[in-house]
Amino acid sequence: ETGYQRRVHGIKENVQIPVIANGDIMSPEQAKQVLEFTNADGLMIGRAAQGRPWIFREIDHYLRTGHILAPPEKEEVRSILLEHVTNLHQLYGDVLGPRIARKHVGWYLADQDKDRSFRKRFNAIEDCQQQFDDLNAFFDNI
């Protein structure tokens with residue numbers, strides 16, 4: 001428990017409106033601990049979802065069953081990441097899209113690209129199609 005969680009707990013005991021807890025909730029186990037300690041009505045997840053959008057289903061599964069959900073398969077991660085990059089390219093265009101995609105790709109691949117060699121190469125790519133080609137090649141080789 002943290003000072004923040006103690007404050008949320010105190011607030012929850014004294015108000016009649018929904019209270020949402022947040023703050024460095026990085027795992028399903030932490031989510032459960034925060035909910036149990038604070039009695040909050042919900043959670044807000046921030047950084048833990050960067051490059052790991054499936055954390056919400058992991059938390060939901062853990063809260064319902066008490067069991068850790070298996071991580072997504074490589075092909076599911078590839079599919080989610082490629083869709084995310086596609087959406088970034090569409091939203092920001094052919095110049096800004098690839099640049100903005102870099103940090104998102106870095107979040108997704110932080111655990112697979114420990115030496116950061118792929119991210120170093122990827123961060124130099126300015127072309128949308130080349131980003132897709134390199135991401136697919138990366139997933140083909142892990």
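- The hydrophobic side chain of Met26 is isolated, with no ILVMFWY side chain under 4.5 Å apart from it.
- The two residues Ala31 and Leu43 have their closest heavy-atom pair at CB-CD1, 3.4 Å.
- Considering only heavy atoms from C-beta on, Phe118 comes within 4.5 Å of Leu135 through its side chain.
- With rounding to the nearest 0.5 Å, the separation of CZ in Arg116 from CZ in Arg121 is 13.0 Å.
- Checked for salt-bridge contact, Glu75 and Arg78 meet the test: a charged N lies under 4.0 Å from a carboxylate O.
- A continuous path of Ile, Leu, Val, Met, Phe, Trp and Tyr side chains, each step under 4.5 Å between heavy atoms, connects Leu63 with Val34, placing both in one hydrophobic cluster.
- The distance from atom CD of Gln129 to atom CG of Asp134, rounded to the nearest 0.5 Å, is 10.0 Å.
- For the pair Ile80/Glu83, no side-chain contact is recorded, criterion being any heavy-atom separation below 4.5 Å from C-beta on.
- The structure places CG of Asp113 at 9.5 Å from CD1 of Ile142, a figure rounded to the nearest 0.5 Å.
- Atom CZ of Arg57 sits in a crowded spot, with more than 12 heavy atoms from other residues, nucleotides or ligands closer than 6.0 Å.
- Heavy-atom minimum distance, Lys114 versus Asp111: CE-O, 3.3 Å.
- Using a 4.5 Å heavy-atom cutoff, the side chains of Trp54 and Glu76 are not in contact.
- Side-chain contact between Asp41 and Lys12 is present, with heavy atoms from C-beta onward closer than 4.5 Å.
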Discussion item. With salt bridge (Lys or Arg N to Asp or Glu O under 4.0 Å) as the criterion, how do Lys120 and Asp115 come out once you've worked through the C-alpha distance, each side chain's angles and the decisive distance to 0.1 Å?
Written reply: CA-CA 9 Å; Lys120 185 175 182 179; Asp115 68 357; over 6 Å; no
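- Separating the CD atom in Gln30 from the CZ atom in Phe37 is a distance of 14.5 Å, to the nearest 0.5 Å.
- Put simply, the side chain of Arg52 does not reach to within 4.5 Å of the side chain of Trp107, judged on heavy atoms.
- Counting heavy atoms from C-beta on, the side chains of Leu109 and Phe139 come closer than 4.5 Å.
- Within the 4.5 Å cutoff, no side-chain heavy atoms of Ile25 are placed close to those of Ile55.
- For the side-chain contact (heavy atoms from CB on, under 4.5 Å) with Pro28, the lone residue among His67, His61, Glu58 that qualifies is Glu58.
- The side chain to side chain donor-acceptor pair (under 3.5 Å) test with His9 singles out one residue from Glu13, Arg7, Arg6, and that residue is Glu13.
- Of the possible donor and acceptor atoms, one in the side chain of Asn123 sits under 3.5 Å from a partner among the backbone N and O of Arg119.
- Side-chain atoms of Lys103 and Gln50, non-hydrogen and from C-beta on, never get closer than 4.5 Å to each other.
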